[in-house]
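Reading through the structure tokens given below for one structure.
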2 protein chains.
Amino acid sequence: MLSLTEENYLKTIYRLSDGGAKAVLTNEIADSMNTKAASVTDMVKKLSVKDLISYEPYYGVKITRLGKNEALMVIRKHRLWETFLVDKLKFSWDEVHDVAEQLEHIQSPLLIEKLDEFLGYPTADPHGHPIPDKNGKIQILKQVPLSEIALNKKAFVRSVKDGSSSFLQYLSKIGIYIGATITILERIEFDGSLEIVIDNKKKVFISRDVSENLLVTE
Amino acid sequence: MLSLTEENYLKTIYRLSDGGAKAVLTNEIADSMNTKAASVTDMVKKLSVKDLISYEPYYGVKITRLGKNEALMVIRKHRLWETFLVDKLKFSWDEVHDVAEQLEHIQSPLLIEKLDEFLGYPTADPHGHPIPDKNGKIQILKQVPLSEIALNKKAFVRSVKDGSSSFLQYLSKIGIYIGATITILERIEFDGSLEIVIDNKKKVFISRDVSENLLVTE
DNA sequence: ATAAAAGTTTAGGTTAGTCTAAAAAAATTA
DNA sequence: TAATTTTTTTAGACTAACCTAAACTTTTAT
């Protein structure tokens, strides 16, 4: 069984490597975890012996299939707990992270099974991030333009079709960001513009063009 | 803030001292925690410096007001989590202890506040043990062993003295649970065993040992 | 009352995880 | 290509929590 620290390293390496795609450097890990490169080198050797990562001195680390699975299980637990905190205990988005960071290390497969069931087998956490299933499978959600979403349905902003900086600046100005939740309140027939609510808080109008360039998942 | 280990020591000392009433010896702590006397001595010095216990070499330790409060907060968390596991996640009695043992160390006052509210401010956990409130106050219930209850008097099962999972499994097998109503129909002189009726429905025989380990209120 | 037994503490060592400072390797620049 | 800078690793130390073995108190028994 992995220690809390080992789990945190794996989770970080998984994230920094874009899910295992690329190698990660010692200093990246150190910066990301607020620790020192020397400490990372030590841990990386340890994880390497356990075959959770492969490590070539001076060239960085790659996560193995085994390590990837462990990382996914920690992420699964984190996201299930976040869902619990928001949906059941009425935490707000910004309060959940630190607590979930602790809860994700509780060791009990039965607990996670039952929590998953209690929450109704959610596929995404409150930030819209997908929750890996018990086999580590992540449901790839089809991204569609916001314009195709039905009224009053929650949608999570995933990406933009047109990545021009003026568009991005406009989005951030009105409070839209990757991960934001959007619900369409009304479609204006006249010009296809939408009245939407962002993060259950802020109501704004956006044009049809904007809604066709925002890619979301349900 | 206390470490996980410090919390566990305090909890054990609180329990062994009957809630702070009497002093506890090094070896008692060591036995109870499956550790060695030398390790206990080390920790006891540490807790003493933090004014959580008072420690006189060779004469044992007494828990201070401060230490008692810390212990009560850990117990509060443990029992709230056990209640959550049984009431919400449908764990059975005997499955909850190890998980609650981990969950009790999560640090977040807000989490415990919200969990308490979510559970409807329970005053006792699924084993019938009282849950300290956020100020550390415990509601005192006058509990007596079932063996001391008169014939044909209704009694409510509140807790068990011996919480071993084999005992809990046995109880649930014969249909006894916290909150059950029990009436003694007959005392068998020969061995002190009892014929009882559970919830005015099911008649069973239980040994003297069992009746002495079942704590009830009238 | 004193010797043996029981219990407790001290001394010294281990492991996991961390750190700083110095050495070594790789990358960059002149 | 050689020198300098950056990055990484090694070396050596620290802390928390644990251990064993030896020394020291206290208790018990003869």
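Every chain is numbered from 1 and lettered A, B, ... according to where its sequence line falls, protein lines coming before strand lines.
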Hey, is the main chain of B:N213 close enough, under 3.5 Å, to the side chain of B:K161 for a donor-acceptor pair? no
When you check the phosphate oxygens OP1 and OP2 of D:dT9, does a side-chain N or O of A:T26 lie under 4.0 Å from one of them? yes
Could you tell me whether A:Y14 and A:Y9 have their ring centroids closer than 6.0 angstrom? no
Cation-pi check, B:K88 to B:F118: give yes when NZ or CZ is under 6.0 Å from the six-membered ring centre and within 45° of the ring axis, no otherwise. yes
Counting only side-chain N and O atoms of A:N27, is one of them less than 4.0 Å from OP1 or OP2 of D:dT6? no
Looking only at atom types and distance, does a side-chain atom of B:T12 sit under 3.5 Å from a main-chain N or O of B:N8, one as donor and one as acceptor? yes
Please give, in whole Å, the distance from D:dT26 C1' to B:L25 CG? 12 Å
Taken to the nearest whole Å, CD/A:E28 to P/D:dT6 is 18 Å
Would you call the rings of B:Y170 and B:F167 parallel, tilted or perpendicular, taking 30° and 60° as the class edges? parallel
For B:L80 versus B:P122, what's the shortest heavy-atom pair and its separation? CD2-CG, 3.9 Å
Knowing that exactly one of A:D125, A:D87, A:L103, A:V99 qualifies, which makes a side chain to side chain contact (heavy atoms under 4.5 Å, CB included) with A:E82? A:D125
Counting only non-hydrogen atoms, which of residues 49-62 of chain A are less than 4.0 Å from DNA chain D? A:Y55, A:P57, A:Y58
With a cut-off of under 6.0 Å to the ring centre and 45° to the axis, is B:K114 in cation-pi contact with A:F91? yes
Near-strand residues of residues 34-45 of chain A, defined as heavy-atom separation under 4.0 angstrom from DNA chain C: A:T35, A:K36, A:A38, A:S39, A:D42, A:M43
